[in-house]
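Reviewing the structure listed below.
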Protein chains: 2
Amino acid sequence: MKKITIGEASRQSGVKVPTIRYYESIGLLPQLNRSEGNQRSYEAADLRRLAFIRHARELGFEVEAIRTLLILQDDPHQPCASADAIAKARLVEVEQRIRSLTALKAELELMVEGCGHGRVDQCRVIEVLADHGQCSHAQH
Amino acid sequence: MKKITIGEASRQSGVKVPTIRYYESIGLLPQLNRSEGNQRSYEAADLRRLAFIRHARELGFEVEAIRTLLILQDDPHQPCASADAIAKARLVEVEQRIRSLTALKAELELMVEGCGHGRVDQCRVIEVLADHGQCSHAQH
DNA sequence: TCTTGCACCTCTAGTCACTAGAGGATGTAG
DNA sequence: CTACATCCTCTAGTGACTAGAGGTGCAAGA
């Protein structure tokens, strides 16, 4: 097995070098073998773990959720109800966030359309910000 | 004019007391008159400014953007191109975020549906996380 | 062999927009 | 006058990194 340096691991996983060290420091990655010169040396399993973490972060899972998911992954005989619950909770969050952002989008569009590109005292952007009552969707 | 305390200002604006003090410390709110006992005393104009800030934060504007918007609001004769640009930039951000979250939502739905509620080694949630290649939308 | 220069190491501090808590002063109602 | 809520300042903590200082290791070219 050839030595994979942290730089190479970074390139292969798309996770930045300081971030990899950070993940190790908070215990998402195990303490690794070090080469003679105290440099970290990665193996294929470490790279898979890193890819897992990266993918989960991209999907918006928090580090604590990822920690739980990794424990589950490490023990394939456990029931997967926890993993399912974590994913479902994340789905609910995402749906809520989309609804909220969609309302914001409508608000911002009204603001931008209403701007006559004149002076501040006729600007709907400023005006709407100053008066929440002018919002069509009051859900924010 | 009656004295409005920070607690009253908090109740009327919906901004928490420590957050109001924080806004003052970073210069979004002016240094205020203090009563004899060194307590902050707010006036109607301060409450309007606070409402402006709160609304802008709810719409997701960053503090630095709000700082600019407040400067514009303070000088109504300026052209409003800056305000317009800030709002447009925010709109683009929001649209991008919605697209991204919609892709995530699809991914999470597949994961959750695919979970057979058995053991981890058959769980699609874990499986998909471990292998980005299984994602239908690769845009994350 | 030497040296150049990049990649690696650890550690601390900074980011954003707050939030929590300690420890003490003030104001108000009974 | 005594509770007790509210106010004050200050420091430190949050999450998930990111930036920088100051130093070591290593591989390749002269």
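Sequence lines set the chain letters: A, B, ... in the order given, protein chains first and strands last, and positions in each chain run from 1.
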Specify the separation, in whole Å, of atom CZ of A/Phe61 and atom P of D/dG15. 18 Å

N or O in side chain of A/Thr19 less than 4.0 angstrom from D/dT18 OP1/OP2: yes

With the threshold set at 4.0 Å, does a side-chain nitrogen-carboxylate oxygen contact exist between B/Glu109 and B/Lys105? yes

Nucleotide C/dA17, atom C1' - distance to CZ of B/Arg21 in whole Å: 16 Å

Per A/Ile6 side chain, nearest of listed nucleotides C/dA17, D/dC17, C/dC9: C/dC9

For A/Glu127, is there an ion pair with A/Arg124 - N to carboxylate O distance below 4.0 angstrom? no

Please give, in whole Å, the distance from C/dT28 C1' to B/Gln39 CD? 11 Å

Counting only side-chain nitrogens and oxygens, does B/Arg34 get under 4.0 Å of the OP1 or OP2 atom of C/dT26? no

Please determine, for the side chain of A/Ser35, which listed nucleotide (C/dT10, D/dC26, D/dA16) has the closest atom? D/dC26

Strictly below 4.0 Å, N to O, side chains only: are B/Arg40 and B/Glu24 in salt-bridge contact? yes

Without decimals, in angstroms, what is the distance between A/Arg54 CZ and D/dA16 P? 17 Å

Atom pair distance, as rounded to whole Å: NZ in A/Lys3 and C1' in C/dA7: 14 Å

Would you say A/Lys16 places a side-chain N or O within less than 4.0 Å of OP1 or OP2 belonging to D/dT18? yes

Nearest to the A/Thr5 side chain among C/dT19, D/dC7, C/dC8, which nucleotide is it? C/dC8

Rounded to whole angstroms, how far apart are CD1 on B/Ile20 and C1' on C/dT19? 14 Å

Between A/Arg97 and A/Glu93, does any NZ, NE, NH1 or NH2 come within less than 4.0 Å of an OD or OE carboxylate oxygen? no

